[in-house]
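Nothing here was measured: the structure is a model prediction, and the numbers come from that model.
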Amino acid sequence: MNNNRCLDILEIMKRLLSILAIAVITSAAAWGQAKSASQVMDAAAKKIQTMKSLSATYEMNADGEHMSGTLVMNGDKFHLSSEQIMAWYDGKTQWSYSADTNEVNIIEPTPEELVAINPFVIISSFKKAYTPTLLKSAAGTYKVKLVPMTKSASQIKEVTLTLNAKSYLPSYISLTLDSGNKLDIKVKSIKGGTNYPHSTFVFNKKQLPKAEIVDLR
């Protein structure tokens, strides 16, 4: 093999090594920029907690039944409204109305009971109760699986959240309960900024004068 050919082969090898080195550096940089599941959830929690208020429209499927409704949140307080159920929570007391029974149940809910009626609570309180894991997701989204840290204390087996990668607001929430039942929520719209009065989150008997009040506190 002549010297010129040896030099040509060495030059090709140098170029290949340079390309390989650039690829490794680029991959490492991309990996370093990738967010962890906890970072994604921290950003989502911060987004919701720093919004002055939040109002959302949604569609929900549970046990073969479909319903749509609206949710209004202000900090820990919320009001949920649909044709079948309504709920009010003022930060301590929860009133839940069922059209099927025409009853308003009053409780002081546990964290698990709050999640059952308002899954958005999962996002703001995930650090206290859930271990997050990133899943593969479509472009422009993050998908996070949340598993309860203490399974015996939760009725929820796992939660899957789909978040907008720019706003960190949820577009889809799926809950799997210990019973095997699933609750799937498609968030159609979210907006913030309205200053809702405290009365928005407290049940007023005048709204449902014929409903039976059942105090379970």
Side-chain angles (χ1 to χ4, degrees), residues 30-31 33-51 53-73 75-82 84-85 87 89 94 96 109-192:
W31 179 261
Q33 292 172 358
K35 290 184 180 294
S36 69
S38 292
Q39 288 174 323
V40 170
M41 289 303 300
D42 279 337
K46 183 178 180 181
K47 177 70 176 183
I48 287 180
Q49 290 166 353
T50 56
M51 292 178 74
S53 65
L54 177 154
S55 62
T57 60
Y58 64 88
E59 292 181 352
M60 181 170 65
N61 287 293
D63 299 331
E65 295 186 7
H66 175 83
M67 70 177 72
S68 59
T70 60
L71 171 71
V72 173
M73 289 181 65
D76 293 335
K77 307 171 188 177
F78 66 82
H79 170 50
L80 181 148
S81 179
S82 70
Q84 293 91 339
I85 60 172
Y89 179 65
Q94 177 181 297
S96 301
T110 64
E112 289 76 23
E113 288 170 332
L114 280 175
V115 167
I117 196 73
N118 178 15
F120 275 64
V121 173
I122 293 172
I123 298 173
S124 57
S125 63
F126 87 95
K127 274 191 172 182
K128 298 178 182 178
Y130 299 93
T131 300
T133 304
L134 275 181
L135 304 176
K136 289 184 179 180
S137 60
T141 67
Y142 289 114
K143 184 176 285 189
V144 184
K145 181 173 76 173
L146 300 173
V147 177
M149 295 177 184
T150 307
K151 293 183 180 180
S152 60
S154 176
Q155 299 174 357
I156 297 173
K157 185 175 181 181
E158 68 175 48
V159 181
T160 302
L161 297 172
T162 301
L163 305 167
N164 183 291
K166 290 185 178 179
S167 69
Y168 291 96
L169 290 172
S171 60
Y172 198 84
I173 304 172
S174 179
L175 285 81
T176 302
L177 307 180
D178 280 341
S179 62
N181 293 333
K182 289 194 69 176
L183 180 68
D184 295 316
I185 301 169
K186 180 181 179 181
V187 182
K188 298 175 66 177
S189 67
I190 299 180
K191 62 180 180 179

Start with the C-alpha distance between S171 and T162, add both sets of side-chain angles, then the distance that settles side-chain hydrogen bond (donor to acceptor under 3.5 Å, both in side chains), and finish with yes or no.
-> CA-CA 6 Å; S171 60; T162 301; 5.0 Å; no

Please report the shortest heavy-atom distance between [X] and [Y], naming the atom on each side.
X: K157; Y: V147; value: O-CG1, 4.1 Å
X: V187; Y: P170; value: CB-O, 3.6 Å
X: L80; Y: I117; value: CD1-O, 3.2 Å
X: K143; Y: K136; value: CD-O, 3.8 Å
X: S167; Y: K47; value: O-CG, 3.4 Å
X: Q84; Y: H66; value: NE2-O, 3.7 Å

Is it the case that the side chain of [X] and the backbone of [Y] share a donor-acceptor pair, with hydrogens and angles ignored and the cut-off at 3.5 Å?
X: Q39; Y: S36; value: yes
X: Q49; Y: S124; value: yes
X: H79; Y: A87; value: yes

Quick one: does [X]'s side chain get under 4.5 Å of [Y]'s, heavy atoms only?
X: N164; Y: T141; result: no
X: K191; Y: S189; result: no
X: I123; Y: L161; result: yes
X: Y89; Y: L114; result: yes

State the [atom1]-[atom2] distance between [X] and [Y], to the nearest 0.5 angstrom.
X: K77; Y: N118; atom1: NZ; atom2: CG; value: 14.5 Å
X: I122; Y: L175; atom1: CD1; atom2: CG; value: 4.5 Å
X: E59; Y: K186; atom1: CD; atom2: NZ; value: 6.0 Å
X: K145; Y: L135; atom1: NZ; atom2: CG; value: 6.5 Å
X: K188; Y: Y58; atom1: NZ; atom2: OH; value: 11.5 Å
X: I48; Y: L54; atom1: CD1; atom2: CG; value: 6.0 Å

So, T70 versus T57: side-chain donor-acceptor pair below 3.5 Å or not?
-> no

Kindly indicate, with the supporting measurements, whether the criterion side-chain contact (heavy atoms from CB on, under 4.5 Å) is fulfilled by V40 and L163.
-> CA-CA 9 Å; V40 170; L163 305 167; 3.7 Å; yes

With sequence neighbours left out, write down each residue that passes ring pair (Phe, Tyr, Trp, His ring centres under 6.0 Å) with F120, or none if nothing qualifies.
-> none

Looking at residues at least two apart in the chain, or sitting in another chain, which of them share a ring pair (Phe, Tyr, Trp, His ring centres under 6.0 Å) with Y142?
-> Y168

Can you list the residues that meet the side-chain hydrogen bond (donor to acceptor under 3.5 Å, both in side chains) rule with [X], with sequence neighbours excluded?
X: S137; result: none
X: K127; result: D42
X: T50; result: none

Please lay out, stage by stage, how T133 and V144 fare under the test side-chain contact (heavy atoms from CB on, under 4.5 Å).
-> CA-CA 6 Å; T133 304; V144 184; 6.0 Å; no

With sequence neighbours left out, write down each residue that passes salt bridge (charged side-chain N to carboxylate O under 4.0 Å, His left out) with D76, or none if nothing qualifies.
-> none

Begin from the C-alpha positions of K182 and N61 and carry the test side-chain contact (heavy atoms from CB on, under 4.5 Å) through to its verdict.
-> CA-CA 8 Å; K182 289 194 69 176; N61 287 293; over 6 Å; no

Can L183 and L177 be said to form a side-chain contact (heavy atoms from CB on, under 4.5 Å), step by step?
-> CA-CA 8 Å; L183 180 68; L177 307 180; 5.9 Å; no

